[in-house]
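What you see below is based on every heavy atom in this structure, not just the backbone, and it leaves out hydrogens, waters and symmetry mates. Being a predicted model, the structure only gives us computed values, none of them experimental.
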Amino acid sequence: MLLLLVTPALVSAQTGCSQYILLKDGASYELLTYDKKDKQTGRVLYQVKEVDKSGGKTEATIHSQMYDQKDKLTTEGNFKIGCDGGSIWMDMRSLMNPEMMESYKDMELTVEGDKMLYPNQLEAGQKLGDGTMTMKMKDKNSGRDMMTMVMKVVDRTVEGKENIKVPAGSYDSYKIRHNTEMENRAMGMKMPGMRVETVEYYVPELGTVRSETYRNGKLLSYSVLNKVSP
């Protein structure tokens with residue numbers, strides 16, 4: 001896919017809370033999703049609905065809408081993004097794969113999880129904090145417990161700084177790699193898990209402008225920033 005240009009020296013994000021696009025009232029951010037054959041599978045629209053600034057901290061409520069390849073709305077929901085001391089944190093629900101959400105659109109989801117932190121200074125080789133998210137799925141009609149999924153994001157590592165081109169433009173980004181481990185229980189029985197690798201290109205003012213998901217070294221899907229509106 002893309003070649004990594006490792007920069008061993010310290011690189012600073014130099015971004016305050018006020019500069020981050022998804023902490024601005026009325027801002028929107030659209031991603032396009034593709035499969036491994038470059039066929040578009042959908043799009044995801046994020047819109048800032050509310051911004052709370054208090055105690056030197058900033059927190060925004062983001063409304064997400066996921067559309068399929070026919071541009072039909074399949075699922076929507078809210079998650080939180082915030083800034084504390086210049087560092088950005090994201091509710092782990094922001095990492096949920098749109099294709100995965102589509103699979104469970106007919107179920108009632110309850111999600112609990114950690115915050116994923118993006119420090120205000122990043123450098124090649126830096127280790128970032130892990131995170132865990134638990135999703136409980138119930139049948140919408142009967143209320144019966146159907147499945148519990150635990151997703152763990154581990155081994156988050158900054159590999160360097162790289163210029164990346166996406167439909168929204170060309171950006172200087174930080175290449176961050178991590179592994180995602182999924183453990184499932186259905187009807188009380190443990191099911192086979194799954195492990196995938198993700199490479200994201202993170203721009204301090206915008207967030208992740210490109211994300212690639214791999215399994216056993218093979219590309220499964222990717223997403224790119226299509227447009228952004230402050």
Side-chain angles (χ1 to χ4, degrees), residues 1-7 9-49 51 58 60-69 71 79 81-83 86-91 94-99 116-124 126 128 156-178 198-214 219-230:
M1 187 53 64
L2 298 174
L3 297 178
L4 171 66
L5 301 177
V6 177
T7 304
L10 178 68
V11 286
S12 172
Q14 296 181 345
T15 301
C17 298
S18 62
Q19 294 174 282
Y20 191 68
I21 188 66
L22 287 182
L23 292 176
K24 296 181 179 180
D25 281 311
S28 64
Y29 182 105
E30 184 183 68
L31 297 174
L32 301 181
T33 60
Y34 294 85
D35 64 15
K36 61 183 179 182
K37 295 183 179 180
D38 299 321
K39 180 180 178 181
Q40 186 176 339
T41 56
R43 66 185 179 96
V44 187
L45 178 63
Y46 300 109
Q47 294 177 302
V48 179
K49 292 301 181 182
V51 178
T58 304
T61 299
I62 311 299
H63 183 67
S64 64
Q65 295 175 302
M66 300 181 184
Y67 297 82
D68 63 16
Q69 65 271 28
D71 211 32
F79 63 89
I81 287 180
C83 185
S87 295
I88 297 296
W89 59 262
M90 296 184 184
D91 186 327
S94 67
L95 304 179
M96 294 176 73
N97 187 295
E99 286 79 10
M116 299 296 292
L117 182 66
Y118 292 81
N120 59 1
Q121 288 194 342
L122 298 172
E123 63 176 329
Q126 183 177 358
L128 305 181
R156 295 176 69 216
T157 304
V158 180
E159 295 193 342
K161 195 171 183 180
E162 181 176 335
N163 185 267
I164 186 78
K165 187 176 182 179
V166 295
S170 182
Y171 303 98
D172 288 328
S173 68
Y174 296 92
K175 186 174 182 180
I176 302 172
R177 188 183 301 269
H178 68 256
T198 299
V199 177
E200 61 176 309
Y201 296 85
Y202 175 77
V203 177
E205 298 84 359
L206 296 174
T208 299
V209 299
R210 181 181 174 97
S211 179
E212 303 161 0
T213 302
Y214 298 84
L219 180 67
L220 294 178
S221 62
Y222 65 96
S223 65
V224 292
L225 177 62
N226 185 46
K227 56 186 177 182
V228 60
S229 176

*Asks:* I want to check something: taking the side chain as every heavy atom from C-beta on, are Q47 and Q65 in contact at a cut-off of under 4.5 Å?
*Replies:* yes
*Asks:* Does the pair D71/R43 count as a salt bridge with the N-to-O cut at 4.0 Å?
*Replies:*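 Salt bridge flag = yes for R43 with D71.
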*Asks:* At what distance, to the nearest 0.5 angstrom, does OH of Y201 lie from CG of N163?
*Replies:* 11.0 Å
*Asks:* Minimum heavy-atom separation for A124 and E159, please, with both atom names.
*Replies:* CB-O, 4.0 Å
*Asks:* Quick check: do S173 and R210 have side-chain heavy atoms less than 4.5 Å from each other?
*Replies:* no
*Asks:* I'd like to know if the side chain of T213 reaches the main chain of T198, judged simply by a donor and an acceptor atom lying under 3.5 Å from each other, with no hydrogens or angles considered.
*Replies:*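 No.
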*Asks:* So how far is it from Y118 OH to T208 OG1, rounded to the nearest 0.5 Å?
*Replies:*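 Y118 atom OH to T208 atom OG1 measures 4.5 Å (nearest 0.5 Å).
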*Asks:* Roughly how far, to the nearest 0.5 Å, is the CG atom of L45 from the CG atom of L32?
*Replies:* 11.0 Å
*Asks:* Taking side chain as C-beta onward, heavy atoms only, is L23 less than 4.5 Å from I81?
*Replies:*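 In short, these two side chains touch, coming nearer than 4.5 Å.
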*Asks:* Is there a side-chain contact between V199 and K175 in this structure, where contact means two heavy atoms from C-beta onward sitting under 4.5 Å apart?
*Replies:*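 With C-beta onward as the side chain, the pair touches.
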*Asks:* My understanding is that only one of L117, I176, T157 makes a side-chain contact (heavy atoms from CB on, under 4.5 Å) with L128; could you say which?
*Replies:* I176
*Asks:* Taking side chain as C-beta onward, heavy atoms only, is P204 less than 4.5 Å from Y174?
*Replies:*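 When only atoms from C-beta onward are counted, Y174 and P204 do touch, with a gap below 4.5 Å.
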*Asks:* With no hydrogens and no angle check, do the side chains of T33 and T41 hold a donor and an acceptor under 3.5 Å apart?
*Replies:*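 Looking only at side-chain atoms, T41 and T33 do form a donor-acceptor pair, the distance falling under 3.5 Å.
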*Asks:* Find the distance between CG (D91) and CE (M116) and round it off to the nearest 0.5 Å.
*Replies:*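 Here the interatomic distance stands at 11.0 Å.
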*Asks:* Would Y202 and L122 count as a side chain to side chain contact (heavy atoms under 4.5 Å, CB included) here? Give the steps.
*Replies:* CA-CA 10 Å; Y202 175 77; L122 298 172; 4.1 Å; yes
*Asks:* If you measure from CD1 on I21 to OH on Y29, what distance do you get to the nearest 0.5 Å?
*Replies:* 10.0 Å
*Asks:* How long is the straight-line distance from CZ of R177 back to OH of Y214, given to the nearest 0.5 Å?
*Replies:*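 Rounded to the nearest 0.5 Å, the OH-CZ separation comes out at 7.5 Å.
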*Asks:* Given side chains that start at C-beta, do those of V51 and K24 come closer than 4.5 Å, heavy atoms only?
*Replies:*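 Answer no - side chains too far apart.
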*Asks:* Closest approach of Y222 and D35, non-hydrogen atoms and distance?
*Replies:*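 Closest heavy-atom pair between Y222 and D35: CE2-O, 3.6 Å.
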*Asks:* Go through the steps to decide whether V158 and E123 satisfy the test side chain to side chain contact (heavy atoms under 4.5 Å, CB included), and finish with yes or no.
*Replies:* CA-CA 7 Å; V158 180; E123 63 176 329; over 6 Å; no
*Asks:* Would you name the heavy atoms of V48 and D25 that are closest together and state the gap between them?
*Replies:* CG1-CA, 4.3 Å
*Asks:* Answer whether the closest heavy-atom distance between the side chains of Y171 and L225 falls below 4.5 Å.
*Replies:*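 Y171 vs L225: side chains touch.
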*Asks:* Going by heavy atoms in the side chains, are H178 and E200 under 4.5 Å from each other?
*Replies:*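 Yes. Closest side-chain heavy atoms under 4.5 Å.
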*Asks:* Work out which heavy atom in P119 is nearest to a heavy atom in S87; give both atom names and the distance.
*Replies:* CA-OG, 3.5 Å
*Asks:* Would you call the rings of F79 and Y46 parallel, tilted or perpendicular, where under 30° means parallel and over 60° means perpendicular?
*Replies:*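 F79 and Y46: perpendicular rings.
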